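Here is the naming used below: chain letters follow the sequence lines, and residue numbers restart at 1 for every chain. None of these values were measured; they are calculated from a predicted model.
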Number of protein chains: 2
Amino acid sequence: MNNQQLDQQLCFPLYAASRLVTRLYQPLLEQHNLTYTQYIVLMILWQHDGASVKLIGQKALLSSNTLTPLLKRMEQAQLLKRQRSVNDERSVEINLTEQGWQLKTTLACIPQQLIEQADFDLDKARQLKSLLDQLITHLA
Amino acid sequence: MNNQQLDQQLCFPLYAASRLVTRLYQPLLEQHNLTYTQYIVLMILWQHDGASVKLIGQKALLSSNTLTPLLKRMEQAQLLKRQRSVNDERSVEINLTEQGWQLKTTLACIPQQLIEQADFDLDKARQLKSLLDQLITHLA
DNA sequence: GGCGATTATATCGCGCACGATCAAAAAGTC
DNA sequence: GACTTTTTGATCGTGCGCGATATAATCGCC
């Protein structure tokens, strides 16, 4: 077996599938002037409003060099507020605005829409997610 | 079930796993001044030397706005040559240089190294690849 | 063979990703 | 309490991804 063939490696299917799925979300998100990564961050904040940049980074596996400008853009779009923590001046707390919270309702239909649009076997999707979660736990 | 939770959706595990795996490759590739995407393109060219930009794009699911600058950088690194096709002046043919071919040998160990380094259950990896391939076929 | 439609690549702009580095605050050490 | 170390974000530079658009070559059709 030739390991060096593109179609023999796990790396490419991961890379390709990730981008293909992102492309599915994109048309739905751009209606609200959101990027895919911003949507990820929003989901984190809906669960952890007031989170620090560090916490968001841990959840999204991103670091400040990506998050700082991204959060600034989202602040400009009035989705959130950034302010230094009172307890620890090193840390920056991110709080959703009214508008940021409103998107939780507005975008609530997206997961279901995606499932329908992708029309991918639900069992396979669950199995895939389970394997990916195991891989992530293994690597992160 | 709350579909809107990050950990309930397929999108994030895909995104995260893809980036984590890329990070595994990165230290091995940077020794040869290669990026992950350049490595993907190299694998395609090892199988299809003389391919057009279009063909590479079909295999890698990338288009010219990504490939043109990437291929120019690889040409500057003397890994390949770009030249207009004689038959069809619209098309650009990519041919590996001696150096580009040499990397096929030099990098032959990477897949095996990755498997060992990741230390991920091989059966699960195969299963994962199979599901990803199905998803890609479904979406591409 | 002329001419509109299609195709292949290139260019531009923007937003990630991420390595490297820096600055400031906090925590640990003596 | 001064000093070192660690933690937290911010900044900078480079390379993707990709939507939008441009340009040139080819094709299709009459």
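For A:L42 and C:dC16, the CG to C1' distance is 16 Å, given to the nearest whole Å. Taking atom CD of B:Q31 as the reference point, atom C1' of C:dG19 lies 16 Å away to the nearest angstrom. Distance A:Q76 CD to C:dC14 P: 13 Å, rounded to the nearest Å. Rounding to whole angstrom units, CZ of residue A:R82 and C1' of D:dT8 are separated by 13 Å. Rounded to an integer number of Å, the gap from A:R84 CZ to C:dA23 P is 15 Å. The CG atom of B:L29 sits 13 Å away from the P atom of C:dG19 (whole-angstrom rounding). Put simply, CG on B:L71 is 10 Å from P on C:dT9, counting in whole angstrom units. As a whole-Å value, the separation of B:I56 CD1 from C:dA8 C1' is 13 Å.
Within the 3.5 Å criterion, the main-chain N or O of B:Y36 finds no donor-acceptor partner in the side chain of A:Y15. Side chain of B:Q78 to main chain of B:Q99: no donor-acceptor pair is present (N/O by atom type, distance under 3.5 Å, no hydrogens or angles). With hydrogens and angles disregarded, no donor-acceptor distance shorter than 3.5 Å links the side chain of A:S52 to the backbone of A:E93. When atom types are taken as modelled, the side chain of B:S63 and the backbone of B:N65 share no donor-acceptor pair closer than 3.5 angstrom. Within the 3.5 Å criterion, the main-chain N or O of B:D133 finds a donor-acceptor partner in the side chain of B:T137. The backbone N or O of A:D119 lies less than 3.5 Å from a partner atom in the side chain of B:H138, making a donor-acceptor pair. Side chain of B:R73 to backbone of B:Q38: no donor-acceptor contact under 3.5 angstrom is found.
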Between B:T22 and B:Q26, is the side chain to side chain donor-acceptor pair (under 3.5 Å) condition met? List the steps. CA-CA 6 Å; B:T22 305; B:Q26 211 261 330; over 6 Å; no

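Of the N and O atoms on the side chains of A:E98 and A:Q102, not one donor lies less than 3.5 Å from an acceptor on the other residue.
Looking at every heavy atom in both residues, A:P111 comes nearest to B:Q9 through CG-NE2, 3.4 Å.
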Please produce a list of atom pairs where a protein N or O lies less than 3.5 Å from an N or O of nucleotides 21-26 of chain D.
from	atom 1	to	atom 2	distance (Å)
D:dT26	OP1	B:E89	N	3.0

For nucleotides 14-19 of chain D, give me every protein contact, N/O to N/O, under 3.5 Å, one pair per line with atom names.
from	atom 1	to	atom 2	distance (Å)
D:dC16	OP1	B:T35	OG1	2.7
D:dC16	OP2	B:Q38	NE2	2.9
D:dC16	OP2	B:R73	NE	2.9
D:dC16	OP2	B:R73	NH2	3.1
D:dC16	O5'	B:R73	NH2	3.1
D:dC16	O3'	B:T37	OG1	3.3
D:dG17	OP2	A:Y15	OH	2.5
D:dG17	OP2	B:T37	OG1	2.9
D:dC18	OP1	A:R23	NE	3.2
D:dC18	OP2	A:R19	NE	3.3
D:dC18	OP2	A:R19	NH2	3.0
D:dC18	OP2	A:R23	NH2	2.8
D:dC18	N4	B:N65	O	3.4
D:dG19	N7	B:N65	ND2	2.8
D:dG19	O6	B:N65	ND2	2.8

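You won't find any donor-acceptor pair under 3.5 Å spanning the side chain of B:S64 and the base of C:dA8, going by distance alone.
Rounded to 10°, the helix from C:dG1-D:dC30 to C:dC30-D:dG1 has 20° between the axis fitted to its first five pairs and the one fitted to its last five.
Taking side-chain N and O atoms only, A:K72 has no distance below 4.0 Å to OP1 or OP2 of C:dG15.
Aromatic ring orientation, A:Y39 versus A:Y25: tilted (interplanar angle from 30° to 60°).
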